[in-house]
Amino acid sequence: MTEAIEADYVIVGAGSAGCVMAARLSEDPGTKVFLLEAGGPDRNPWIHIPLGYGKTIIDPKVNWCYETEPDLNGRRFYWPRGKVLGGSSSINGLVYIRGQAQDFDHWRQLGNAGWSFDDVLPYFRKSEDKIGGGDALHGTGGPLAVSEVDDYDPISKAFIKSCLDLGFPSNPDFNGRVQEGAGYYHLTTRNGRRCSTAVGYLRPAMKRPNLQVVTHALSERIVVDGKRAVGVTYRRNGAVQTVRARREVIVCGGALNSPQLLLLSGIGPGAHLAEHGIAVQHDLPGVGQSMQDHFQARIVLKCRFPITVNDIMMSKISMVKTGLDYLLRRKGPLTIAAAQAGLFARTRPELETPDVQFATVNFSADRPAEGLHKFSGFSLVAYQLRPESRGELKLKSADPNVPPAMHPNYLATETDRQTIIDGLKLGRRLLGTPDMQHFIAGEYIPGEAVRTDDELLDYAKQYGGTVFHPTSTCKMGSDTMAVVDQELRVHGMEGLRVVDASIMPAVVSGNTNAATIMIAEKAADMVRHGIRQGGSQGTRLAA
């Protein structure tokens, strides 16, 4: 008979949030923590080289490589998600953006006490090791390295100059008091290496005897006794095992896998569970609903000069030089993130804060799996920061090995459609300045023939896509579609929390990884120290 496994806390998913939770909870030597990860160790060297996301974004060994159900124009959208220690923080584009202070104040206004910007700022600071020094807004000494771009490419320099020439303010810190303006991004790197949550949080914590990390372990269901979560059943090397949780099960699978696991466990919309023959443990209609994602449209340019990553990849000599530069000095193109420079702007003057984000990308491609274009090219990416459209996630099967069905429902509202049109128009204005025209040989897509609003919208529908920021499928709140309360406890259940991007009541204005790490830092304090956020578990508002 297999010896029963028990821990105080069982954490499902060693991704951006799960690594934080495991590291923080195991700081108490009297607490036993058991961490399950479906992927493997983060040994792939491309994970740790910043530009390596070009490899890992299509590598099924470290990536779930999901596809959505047919959406705009019947298209399926590729949604990479990390399947490795560190999760998506091990394969993302390394851009560190918190979001706007108003995003978190809005979470609080929705009834989530303890989640205003003033409430969450200490947890951003706690997580950070801001290279170059901290201040009232930025932390030092934390597990997550946050660095500044130190090798400016000429296209990014020209882009910022163009923004300033058009009257946009300079912003040296998108994570400062205000987000609006043009500047360089912060990056999750240290000394030319990626700092994932596996590197920053989990690796030091794995030396502790009270933390057990099990990789290649696919969680199949949460074990429920009445209305209490008491453990997790998982499959590893063909064998099914169960680990019991003396205190809590904490689900950190991300915006796609967390709702999937709840549904597989009989926690979700009763009618949907019945469709798959899953016994209903707790009828909770919001599981998998309220999905949001940032939708982008790119302008791809042909460059006059051989200075892009495309050019490096077309030349063996350049590739060798680039490799040596990285090995010897930790410098050069292999250290760059998905974007160096950006702009946060308002498409309408009546808006209080920016509603679009731009990023300069020093390469171009049609799709990740097809490789870079065989010409000198770069891209300007524009996406709406606060989409109104909401999608959903459902099961395709009761088999845990079958990916869930994602329905993003992009551009479902008039505001979303008009914002992406206005974003493309503003992008062209920026590219039309003399500083940018110096580098542009021609517009590859959408092309000069695409001019009207209808044509730009059609282009976005046909060529636009995700920037890999799905959220809100287990959203926090007290309305009938909320899944967790303000302490991230699943409504109507005991001993069960969800901690990851799925709990965001609304997607933040920008990249989501920084906010996900903050959520986990705050959740760890709530679990360890019993920090109360007001209200009581299970309090709901009528529809």
Side-chain angles (χ1 to χ4, degrees), residues 13-19 37-42 44-72 75-97 188 194 196-198 218 252-260 291-296 298 309 336-339 359 361 363-372 379 381 383 391 393 401-408 410 463-473 500-502 507 510-514 516-517:
S16 298
C19 288
E37 168 55 41
D42 58 338
N44 185 328
W46 286 112
I47 288 174
H48 305 287
I49 299 170
L51 194 63
Y53 59 79
K55 299 278 190 180
T56 59
I57 199 172
I58 56 172
D59 185 352
K61 293 179 181 178
V62 297
N63 190 330
W64 288 104
C65 298
Y66 287 138
E67 279 194 340
T68 71
E69 299 304 295
D71 197 74
L72 294 175
R75 296 171 59 207
R76 293 180 182 269
F77 293 86
Y78 178 61
W79 279 11
R81 295 283 91 191
K83 187 177 66 172
V84 64
L85 293 180
S88 293
S89 77
S90 289
I91 68 167
N92 68 8
L94 302 101
V95 174
Y96 182 84
I97 291 289
T188 50
R194 177 191 294 273
S196 65
T197 57
L218 178 66
C252 302
L256 307 184
N257 296 118
S258 284
Q260 181 191 24
M291 175 190 285
Q292 286 193 295
D293 185 28
H294 288 135
F295 182 84
Q296 58 86 4
R298 298 170 299 142
V309 175
I336 68 173
V361 179
F363 57 82
S364 66
D366 289 327
R367 295 172 186 83
E370 296 175 6
L372 302 181
S379 311
V381 177
Y383 67 85
L393 177 144
N401 294 286
V402 177
M406 290 87 69
H407 302 268
Y410 290 129
Y463 291 94
T466 179
V467 276
F468 319 125
H469 298 162
T471 67
S472 309
T473 47
D500 53 39
S502 71
V507 65
N511 307 69
T512 52
N513 196 240
T516 300
I517 293 168

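Heads up: numbering here begins at 1 and tracks the sequence.
The distance from atom CH2 of W79 to atom OG1 of T68, rounded to the nearest 0.5 Å, is 6.5 Å. Interatomic distance, CD of Q296 versus OH of Y410, reported as 9.0 Å (0.5 Å rounding). Annotation: the span from M406 atom CE to T473 atom OG1 amounts to 10.5 Å, rounded to 0.5 Å. Between R367 atom CZ and Y463 atom OH the span is 8.0 Å, to the nearest 0.5 Å. Atoms CG and OH, on L393 and Y66 in that order, are 9.0 Å from each other to the nearest 0.5 Å. Taken to the nearest 0.5 Å, the CG atom of N44 stands 9.0 Å off from the CD1 atom of I49.
Counting heavy atoms from C-beta on, the side chains of R194 and N92 come closer than 4.5 Å. Looking at N257 and D500, their side chains never come closer than 4.5 Å, going by heavy atoms from C-beta outward.
Residue A38 comes nearest to K83 through the heavy atom pair C-CG, 4.4 Å, listed as atom of the first residue, atom of the second, then distance. In plain terms, the two heavy atoms of F363 and A338 that are nearest each other are CE2-O, 4.4 Å. Closest approach of V402 to Q260, counting heavy atoms only: O-NE2, 3.0 Å. The nearest pair of heavy atoms linking L256 to P470 is CD2-CB, 4.3 Å. G371 approaches A365 most closely through the heavy-atom pair O-CB, 3.3 Å. Nearest heavy atoms, W64 versus L218: CH2-CD1, 4.1 Å.
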TODO: Run the numbers on N511 and N513 for side-chain contact (heavy atoms from CB on, under 4.5 Å), then give the verdict.
DONE: CA-CA 6 Å; N511 307 69; N513 196 240; 5.9 Å; no
- [ ] Could you please spell out the steps behind the side-chain hydrogen bond (donor to acceptor under 3.5 Å, both in side chains) verdict for T197 and S89?
- [x] CA-CA 6 Å; T197 57; S89 77; 3.3 Å; yes
Open item on the list: Test side-chain contact (heavy atoms from CB on, under 4.5 Å) on F77 and D293; report intermediate values, then the result.
Closed with: CA-CA 12 Å; F77 293 86; D293 185 28; over 6 Å; no
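Residues satisfying the salt bridge (Lys or Arg N to Asp or Glu O under 4.0 Å) criterion with R76, sequence neighbours excluded, are E69. For T188, the side-chain contact (heavy atoms from CB on, under 4.5 Å) test picks out L94, Y96, L144, with sequence neighbours left out. When the salt bridge (Lys or Arg N to Asp or Glu O under 4.0 Å) test is applied to D42, the partners found at least two apart in sequence or on another chain are R203.
With S379 contributing its side chain and V381 its backbone, the two residues share no donor-acceptor pair below 3.5 Å. Looking at S90, its side chain does come within 3.5 Å of a backbone N or O of L85 through a donor-acceptor pair. A donor-acceptor pair is defined here as one N or O able to donate and one able to accept, closer than 3.5 Å; no such pair exists between the side chain of R75 and the backbone of G465.
Ring-plane geometry between Y383 and H469 is classed as perpendicular, the angle between the planes exceeding 60 degrees on a 0 to 90 degree scale with a lower cut at 30.
With respect to I91, the side chain to side chain contact (heavy atoms under 4.5 Å, CB included) criterion is satisfied by exactly one of D59, N63, I57: N63.
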